[in-house]
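Beneath this line is the structure, given in structure tokens, with notes to follow.
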There are 2 protein chains.
Amino acid sequence: MPTLTRKGAATRQRILEGAATHIREYGVAATTLDDVLARTTTSKSQLFHYFPGGREELLLAVARFEADRVIEDQRPQLDELTSWPAWRAWRDKVVERYRRQGGLCPLNAVTSHLGDGSPGTRAVVTGLMRRWQSEIANGVRHMQGVGEIDPAVDPDRAAAALLACIQGGVLIQMSTGETTHLEAALDMGIASLRAGAFPTT
Amino acid sequence: MPTLTRKGAATRQRILEGAATHIREYGVAATTLDDVLARTTTSKSQLFHYFPGGREELLLAVARFEADRVIEDQRPQLDELTSWPAWRAWRDKVVERYRRQGGLCPLNAVTSHLGDGSPGTRAVVTGLMRRWQSEIANGVRHMQGVGEIDPAVDPDRAAAALLACIQGGVLIQMSTGETTHLEAALDMGIASLRAGAFPTT
DNA sequence: CGGAAAATGGACTGTCAAGTCCAGAAATAG
DNA sequence: CTATTTCTGGACTTGACAGTCCATTTTCCG
């Protein structure tokens, strides 16, 4: 990769965000390189200049882009799980985020289109999951520190369960359009923490 | 659709199952009609004879096929959630099923490739979710009947949460290859039921 | 400036896979 | 048995889209 000019970096970014937006609106399958070019007023040579790997590399970049958004969109609440009201605020933020997104998970769409074969694909998703789970686990530990959660609870396992609740809720929302499952699962997870009803097995 | 002869029905079934198998092995994107034909020793005209809508109709049929399997694979345990050991047996069955499937969800793959636009696609997934949730809710109600679960718990909401736990656990397994999230979430959900820690809100 | 490196435009190619078509074989009904 | 319907084989058409190439313009930096 040669050094990028300021203009070059801007173009690259424009292509990336244009692709992400188009995918959000029409889905991965219905997104061709020409669509992206038209939307971003760029040309084939530019796209392949900045993404030599072509479509696959672009899609992977979009996946990374979306993965970052997922975490960012939960800040600052995700960093401040220090009281039960704070947990509630975070829960609301998550629900609101996905409600607004309207039953569409660009990240899931992109990764499932890249196939698991790709070396980078898994890394993006697992990296996101690890970061996410780790942040939640920190919240659990903090609550244990202030005596609000039973010390017998395994923070990582609890965070894993909560993460699964969110993922499942969002997945179901993708087909039903409703956030009821997401809300029910998240509420259950948090209630479990409060009640210390977590199996430590 | 004209009436099918015995031979015709067999061919149709062969194509359908061949497509399903190929998709399981290689993914949707890497499955062409020619692949299916080669595997099932059939010809283009046969495929379009039995699936006039072409690729899309075939994919939808595969989705239905896989959706049915999901429920069937949980029997008989799913129908007999009448004691805590029975819940545990069901939990183990679910985990085992997805462990064996090895981080691959053909249904999710197919639907995400069909796009949400399709009229039938949503119906297949929402139908599956509704059936699944309804079966779980029946189990909850039965346990309430025998005094093992707090009557204040809303069976449908509890079932919704449990369903989300499973979906999320499987989704995460798709990228990590591990069933730890699935297990953690399911255990949490069942523990919640036992503890009556369900928010009734 | 002025030359090297980077950025851009867009025509062109090649491939691949979905879908069409028709002729002929097998099955079914009466 | 024979007429009608269903089933089958496979060649052919069509279109779309990823990726290539080179000529030209712009930017960078000493």
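Every chain is numbered from 1, with letters handed out A, B, ... down the list of sequences.
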### Query
Within the distance-only criterion (no hydrogens, no angle test), does the side chain of Glu178(A) pair as donor or acceptor with the backbone N or O of Gln173(A) below 3.5 angstrom?
no
### Query
Judged by atom type as modelled, is there a donor-acceptor pair below 3.5 Å linking the side chain of Glu148(A) to the main-chain atoms of Gln144(A)?
no
Just the rounded figure in Å: distance from [atom2] of [N] to [atom1] of [X].
X: Leu37(B); N: dA11(D); atom1: CG; atom2: P; result: 13 Å
X: Leu58(B); N: dG19(C); atom1: CG; atom2: C1'; result: 14 Å
X: Phe48(B); N: dG9(D); atom1: CZ; atom2: C1'; result: 15 Å
X: Tyr50(B); N: dT6(D); atom1: OH; atom2: P; result: 10 Å
X: Phe51(B); N: dA18(C); atom1: CZ; atom2: C1'; result: 16 Å
X: Leu47(B); N: dG19(C); atom1: CG; atom2: P; result: 9 Å
X: Lys7(A); N: dT26(D); atom1: NZ; atom2: P; result: 7 Å
X: Arg14(A); N: dT8(C); atom1: CZ; atom2: P; result: 7 Å

### Query
Between Glu183(B) and Arg99(B), is the closest basic N to carboxylate O distance under 4.0 Å?
yes
#### Entry: Arg75(B)/Glu80(B) ion pair, N-O < 4.0 Å
no
Any [X] side-chain nitrogen or oxygen under 4.0 Å from OP1 or OP2 of [N]:
X: Thr42(A); N: dT8(C); value: no
X: Thr11(B); N: dT8(D); value: yes
X: Gln46(B); N: dT8(D); value: yes

#### Entry: Check: Lys44(B) side chain, dG9(D) base, donor-acceptor under 3.5 Å
no
### Query
Start at the 5' end of DNA chain C and walk down; is the nucleotide closest to Glu56(B) or to Arg6(B) reached first?
Glu56(B)
### Message
Here's a test of your reading of the structure: between Ser45(B) and Ala9(A), which maps to the more 5' nucleotide of DNA chain C?
### Response
Ala9(A)
### Task
For Gln77(B), look at atom CD and say whether over 12 heavy atoms of other residues, nucleotides or ligands are found less than 6.0 Å away.
yes
Side chain of [X] only, please: which of [options] is the nearest?
X: Thr32(B); options: dG19(C), dA17(C), dA7(C); answer: dA17(C)
X: His49(A); options: dT8(D), dA6(C), dC28(D); answer: dA6(C)
X: Leu4(B); options: dA18(C), dT8(C), dC7(D); answer: dC7(D)

### Message
Base, sugar-phosphate or nothing for Thr5(B)? Non-hydrogen atoms, less than 4.0 Å.
### Response
sugar-phosphate
